[in-house]
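Let me begin by presenting the structure, written as structure tokens, before commenting on it.
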Amino acid sequence: MINKPLRAVSDAFHDAWRLRWPFVLSRLVFGFLVLALLTPVTSLALRAAIGLSGKPALSDFDIAMFLLSPVGFAAVLFAAGLVLTGYVLNIAFMMAIALHARRTGERRFEEGVAHILPRFPRILGFAVRFLLRIVLLTVPFLAIAGLLAARLLGEYDINYYLAEHPPEFLRAVVLIGITLAVMIGLLGWALLSWAFALPMVLFDGVHPARSFAASRAAMAGRRLDLLLALLAWGAISALAVAAVFGVARLVAELVVDSFAPDLQALAAAFLLLIGVWSLVNLVVTSATSGALACLLMERAGWPGMDRPEWGSRENRHRLRRVLIGGSLIAAMAGGLAATDLFSVRTEDHVEVIAHRGAAGARPENTMAAFALAIEQAADWVELDVQESAEGEVIVLHDSDLMKLAGDPLKAWDATGEALAGVDIGSWYAPEFADERVPLLSEVLEMARDSGSGVLIELKYYGHDVALEQRVADVVEAAGMVDQVQLMSLKYEAVQKMKALRPDWTVGLLASAAVGRPWELEADFLAMNKDLVSHRLVQSTQQAGKRVHVWTVNDPLAMSEMLSLGVNGLITDEPALARDVIAQRAELGTLERVVLALGSQLGLVATDKVYRDASP
């Protein structure tokens, strides 16, 4: 029984490899098609969200609220539908190519074009119904998983759960895992039942609305057979893709080791490696997708074998020329976009911002960490502030002390006496056992006349009373107005702070942002490093604002961010950042681009693990 599915999988991969070039062309065409459709649709959805918000851009909290809204959820579904439609079209083309090859022995991409494009409305109807069925099946389980997370992980700050993995965290992981496993099992069973639906729509003339029931009936008693075949196909496909990626990664590391003294040769080797890897990956993934199409057609009994050929040869050639021409235009546009990498800036004007002090070498947000950051000549010492039970402005990132001390004491319930008894340094090393939660005033006193400014992040957990005003009062009392800047993830807090002190420098933190964040009412942006692009940096600086990036601790990543022209590096390693800046001063433009390429390939120069990289 097992040999039969394995033989079918073997035959499917054999057919896919024989038809690899038409399949490669199909994958290219529909990859570009999805990109061409998805980009403007996504842009329109986000523009609509921005328009409804009344703001020039959306930041973290706004995006989350938009995605949870009916309009946002509909936009996500529509985008998912476009991606799914593109994949369905690609598989449909491959099925038609394989069927024609089986009938005539000819390996022609245009045969898929001639048969599939006239049936596009039916395929679109099928894709929409397919997506809705998946949504209806998965949403209840995802909702249950969300409720479990809120119920079991809502007592303490999420950073504590992620760092310490207490019993309730493990219990939540198990329960959520079981929920998702049941969802995946039911979804897999449903997908097996629908396996013949697309071939029936394409080649048997079954209406999309009836195809799922027809496929379910045809699959009766055959699910196990198909499941074994799909598992074998999935295993082979995963191994093939992993092998290509693994070889590319290994070669990249060898390239770094072999050509590092000659940076010009290293850049050329990297570019050659990227080109070869992209080509090989395209062929492999086209073969695996094509094998799936052939496998489903074989299991379905090659529907349409007894039907006449479709379309005239002249029409097939015309359609082929249109699609290939459009794909070439898209490829040229992509090539032009890729040249953006070589427009990176190479002149560094950057400030080093010590994240929670020198948190890579001392316990975070402690006087010891701040003292080391000042000693290492950080331009700014970054810290987080909240209000205590007595209205004092204390320096603390999380909402409670679980992560730092195993103490559930909440910041807003903490008195000075209670905080004086909590050791927040021993978790890092025994010699820091005397460290306690500092007051903002204490840090300002240390930083005064040190040469380092203080960058204050306003933290909000729903219990703030007058945080902005109290911070302003402490800063003014310390005589540090000219040495202090502020920022927050909460845009309303940025606006409130600017209203209280219009002349102060206040920035917006963002781990996600769309639209034109440089037009928001903020003096600078502090962005997640994954969001930073040459365009964002350039547009923000043209608007007269600065761009800081967090949290960057690897030398190659630091160099990449500097090549993009950021104004500030928020890092746990201020001394390392100073060293990277000094070394880059001796490098030429090509050498800096090489370092950026290495970072984008995922190569890293350090294996140090950090406890918390959040802002």
Side-chain angles (χ1 to χ4, degrees), residues 45 49 52-53 58-77 79-80 131-132 134-187 364 384-389 396-414 427 457-465 467 488-493 509-514 528 530-531 551 611-615:
L52 291 172
S53 71
L58 299 179
S59 189
D60 297 61
F61 291 100
D62 302 312
I63 293 172
M65 294 305 296
F66 171 66
L67 293 178
L68 292 174
S69 70
V71 175
F73 186 67
V76 170
L77 284 181
L131 175 63
L132 289 176
I134 293 174
V135 169
L136 290 174
L137 194 152
T138 57
V139 164
F141 291 96
L142 295 176
I144 292 172
L147 290 174
L148 286 171
R151 179 69 179 272
L152 298 174
L153 304 177
E155 185 174 359
Y156 306 124
D157 190 276
I158 189 60
N159 290 303
Y160 159 68
Y161 295 110
L162 294 175
E164 299 298 333
H165 298 168
E168 55 268 35
F169 174 81
L170 298 177
R171 187 161 54 250
V173 168
V174 170
L175 292 175
I176 293 172
I178 292 172
T179 301
L180 296 180
V182 173
M183 180 194 75
I184 292 170
L186 292 176
L187 180 60
E364 66 176 56
D384 311 278
V385 298
Q386 302 178 56
E387 295 165 291
S388 71
L396 183 65
H397 179 274
D398 297 352
S399 63
D400 55 43
L401 293 167
M402 285 297 291
K403 187 182 74 177
L404 298 180
D407 192 324
L409 180 64
K410 296 288 187 181
W412 51 87
D413 293 329
W427 70 268
E457 181 186 347
L458 305 173
K459 302 295 290 189
Y460 296 91
Y461 293 100
H463 293 267
D464 52 288
V465 177
L467 180 59
S488 179
L489 277 163
K490 189 176 179 181
Y491 182 54
E492 288 74 11
L509 267 165
S511 57
V514 296
N528 182 331
D530 296 329
L531 297 177
T551 302
R611 198 181 194 204
D612 187 357
S614 62

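Nearest heavy atom pair, residue Asp400 against residue Leu396, reads O-CD2, 4.4 Å. Counting all heavy atoms, side chain and backbone alike, Met183 lies closest to Leu137 at O-CD2, 4.0 Å.
Using modelled atom types, one side-chain atom of Gln386 and one backbone atom of Asp398 make a donor-acceptor pair closer than 3.5 Å. Within the 3.5 Å criterion, the main-chain N or O of Leu458 finds a donor-acceptor partner in the side chain of Ser488. When atom types are taken as modelled, the side chain of Glu387 and the backbone of Leu467 share a donor-acceptor pair closer than 3.5 angstrom.
By the 30° and 60° cut-offs, the orientation of the rings of Trp412 relative to Tyr461 is tilted.
For the atom pair Ile176 CD1 and Leu153 CG, the distance stands at 6.0 Å (nearest 0.5 Å). With rounding to the nearest 0.5 angstrom, the CG atom of Leu147 is 10.5 Å from the CG atom of Leu152. Here the NZ atom belonging to Lys490 is positioned 14.0 Å from the CG atom belonging to Leu509, to the nearest 0.5 angstrom. Interatomic distance, Leu489 CG to Glu457 CD, rounded to the nearest 0.5 Å: 5.5 Å.
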| field | Check against side-chain contact (heavy atoms from CB on, under 4.5 Å), Leu187 and Phe141 | value | CA-CA 11 Å; Leu187 180 60; Phe141 291 96; over 6 Å; no
| request: Show your working on side-chain contact (heavy atoms from CB on, under 4.5 Å) between Leu142 and Leu180 and close with a plain yes or no. | output: CA-CA 7 Å; Leu142 295 176; Leu180 296 180; 4.0 Å; yes
| Between Glu364 and Leu404, does a side-chain contact (heavy atoms from CB on, under 4.5 Å) hold up when you go through it step by step? | CA-CA 9 Å; Glu364 66 176 56; Leu404 298 180; 4.0 Å; yes
